[in-house]
Novice: 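Please find one structure pasted underneath; my questions will follow.
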Amino acid sequence: SFNIGVIAGYKKIKGYDDIICVTNKIKKNKNIFFHTFGYEDSNKYLNLINKLELKNIKMNPFVKDIYNEIDKFDILLHLSKREGLSTVTLQSLHRGVPVIGYNTRGVRDLIINTFNGILINFGDKDKVVDVVNFLFSNKSLYYSMQKIAHSSIDNTYSKEHSIKMIDKYLDI
């Protein structure tokens, strides 16, 4: 099986309409499954999932121990319409999980295209489907991206490094 994770609030701006569209286009492949985790009300999306009779997606509530869930993902799918520096992208890469995401600010700051993830032009859901299917069938590229994902996040993103930089800036 190929587990695709989504971690984002259940909001339109976080790309859930696109995510459901992608799951619908991939539903024929019974080996690809989507696991979403988010806050806020998911009923709007659950109703759409039921209407489309999608069996390849499970919507979960927010969980505190998200690393335990990230470790179960093969890929993180991040189709947010806008971001700052994407924490979930950073966390996933740190855990060795490649990211497929829209080429938006914050995501492209962390993804090196085809090395630790894949950047897709905003709104190109067909390309997302193609990339998911390609990575599912091309395990050698997937495993290569997985190794690079983990090593692409170094200590410059750590809390300790940030504190040092702030102290240096403030001359403390």
Side-chain angles (χ1 to χ4, degrees), residues 1-24 26-27 29-102 104-111 116-120 125 128-129 131-132 135-136 142-143 145-155 157-163:
S1 66
F2 201 59
N3 292 303
I4 298 175
V6 177
I7 303 171
Y10 293 116
K11 304 180 201 181
K12 183 174 182 154
I13 196 152
K14 292 298 184 177
Y16 274 98
D17 292 331
D18 290 2
I19 291 161
I20 292 172
C21 178
V22 168
T23 60
N24 191 36
I26 292 178
K27 70 182 176 185
N29 187 332
K30 304 293 183 207
N31 294 312
I32 299 175
F33 199 84
F34 295 78
H35 305 270
T36 71
F37 294 86
Y39 55 90
E40 297 202 12
D41 187 10
S42 62
N43 284 328
K44 171 185 171 186
Y45 300 109
L46 284 170
N47 290 336
L48 183 55
I49 288 167
N50 290 332
K51 181 179 175 184
L52 295 170
E53 299 179 4
L54 299 178
K55 305 292 184 213
N56 59 338
I57 184 170
K58 181 175 183 202
M59 298 190 97
N60 300 284
F62 173 81
V63 295
K64 287 191 180 222
D65 185 12
I66 199 63
Y67 286 119
N68 189 43
E69 301 304 329
I70 290 171
D71 290 343
K72 297 174 190 173
F73 299 163
D74 293 302
I75 294 286
L76 176 80
L77 183 60
H78 193 68
L79 302 183
S80 183
K81 297 183 184 322
R82 65 182 164 102
E83 281 296 320
L85 185 64
S86 173
T87 304
V88 70
T89 299
L90 185 65
Q91 291 168 320
S92 296
L93 293 172
H94 178 69
R95 303 299 274 199
V97 176
V99 177
I100 298 171
Y102 282 152
T104 57
R105 180 84 182 153
V107 176
R108 72 174 166 252
D109 295 327
L110 296 168
I111 300 299
N116 63 354
I118 305 223
L119 293 171
I120 296 175
K125 296 176 287 291
V128 174
V129 170
V131 167
V132 168
L135 289 176
F136 173 75
Y142 166 73
Y143 290 129
M145 286 174 53
Q146 189 180 40
K147 283 182 183 177
I148 293 169
H150 177 69
S151 64
S152 68
I153 302 302
D154 60 21
N155 72 344
Y157 294 100
S158 72
K159 179 171 58 174
E160 292 78 17
H161 179 76
S162 296
I163 290 169

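Along the sequence shown, residues are numbered consecutively beginning with 1.
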Novice: Using side-chain hydrogen bond (donor to acceptor under 3.5 Å, both in side chains) as the criterion, list what pairs up with Asp17, not counting sequence neighbours.
Specialist: none
Novice: CD1 of Ile49 to OG1 of Thr23: how many Å apart, nearest 0.5 Å?
Specialist: 6.5 Å
Novice: Can you see which heavy atom on Tyr102 is nearest to which on Ser80, and at what distance?
Specialist: CD1-O, 3.9 Å
Novice: For Thr36, does its backbone N or O pair with a side-chain atom of Asn60 as donor and acceptor, under 3.5 Å?
Specialist: yes
Novice: Checking the side chain of Asn24 only, and the main-chain atoms of Cys21 only, is there a donor and an acceptor separated by less than 3.5 Å?
Specialist: no
Novice: Stepwise, does the side chain to side chain contact (heavy atoms under 4.5 Å, CB included) test hold for Asn116 with Ile111?
Specialist: CA-CA 6 Å; Asn116 63 354; Ile111 300 299; 3.7 Å; yes
Novice: Say you draw a straight line from CG of Leu93 to CG of Leu110; how long is it, rounded to the nearest 0.5 Å?
Specialist: 6.5 Å
Novice: Please name the pair of heavy atoms, one in His78 and one in Ser86, separated by the smallest distance, quoted to 0.1 Å.
Specialist: NE2-OG, 3.4 Å
Novice: What are the two closest heavy atoms between Pro98 and Ala149, and how far apart are they?
Specialist: N-CB, 4.0 Å
Novice: How about Asn3 and His35: does a side-chain donor come under 3.5 Å of a side-chain acceptor?
Specialist: yes
Novice: Working to the nearest 0.5 angstrom, can you tell me the gap between Ile20 CD1 and Phe34 CZ?
Specialist: 11.0 Å
Novice: Would you list the pairs meeting salt bridge (charged side-chain N to carboxylate O under 4.0 Å, His left out) in which at least one residue belongs to residues 55-83, sequence neighbours left out?
Specialist: Lys14-Glu83, Glu69-Lys72, Asp71-Arg95
Novice: With a 4.5 Å limit on heavy-atom distance, are the side chains of Met145 and Ile118 in contact?
Specialist: yes
Novice: What is the distance from atom NZ of Lys44 to atom OH of Tyr10, rounded to the nearest 0.5 Å?
Specialist: 14.0 Å
Novice: CG of Leu135 to OH of Tyr143: how many Å apart, nearest 0.5 Å?
Specialist: 11.5 Å
Novice: With under 30° as parallel and over 60° as perpendicular, where do the rings of Phe2 and Phe136 fit, or are they tilted in between?
Specialist: perpendicular
Novice: So among Val99, Ile100, Val107, Val131, which one has a side chain to side chain contact (heavy atoms under 4.5 Å, CB included) with Leu119?
Specialist: Val107
Novice: Under the side chain to side chain contact (heavy atoms under 4.5 Å, CB included) criterion, do Ile70 and Ile7 qualify, and how do the steps go?
Specialist: CA-CA 9 Å; Ile70 290 171; Ile7 303 171; 3.6 Å; yes
Novice: Start with the C-alpha gap between Leu90 and Thr87, add the side-chain angles, then the distance that decides, and say whether side chain to side chain contact (heavy atoms under 4.5 Å, CB included) holds.
Specialist: CA-CA 5 Å; Leu90 185 65; Thr87 304; 5.5 Å; no
Novice: If I take atom CG from residue Leu52 and atom CG from residue Asn47, how far apart are they, to the nearest 0.5 angstrom?
Specialist: 11.0 Å
Novice: Would Asp18 and Val128 count as a side chain to side chain contact (heavy atoms under 4.5 Å, CB included) here? Give the steps.
Specialist: CA-CA 9 Å; Asp18 290 2; Val128 174; over 6 Å; no
Novice: If I compare all heavy atoms of Leu76 with all of Ser92, which pair ends up nearest, and what's the gap?
Specialist: CD2-OG, 3.5 Å
Novice: Just checking, is any N or O donor in the side chain of Tyr16 or Ser42 under 3.5 Å from an acceptor N or O on the other one?
Specialist: no
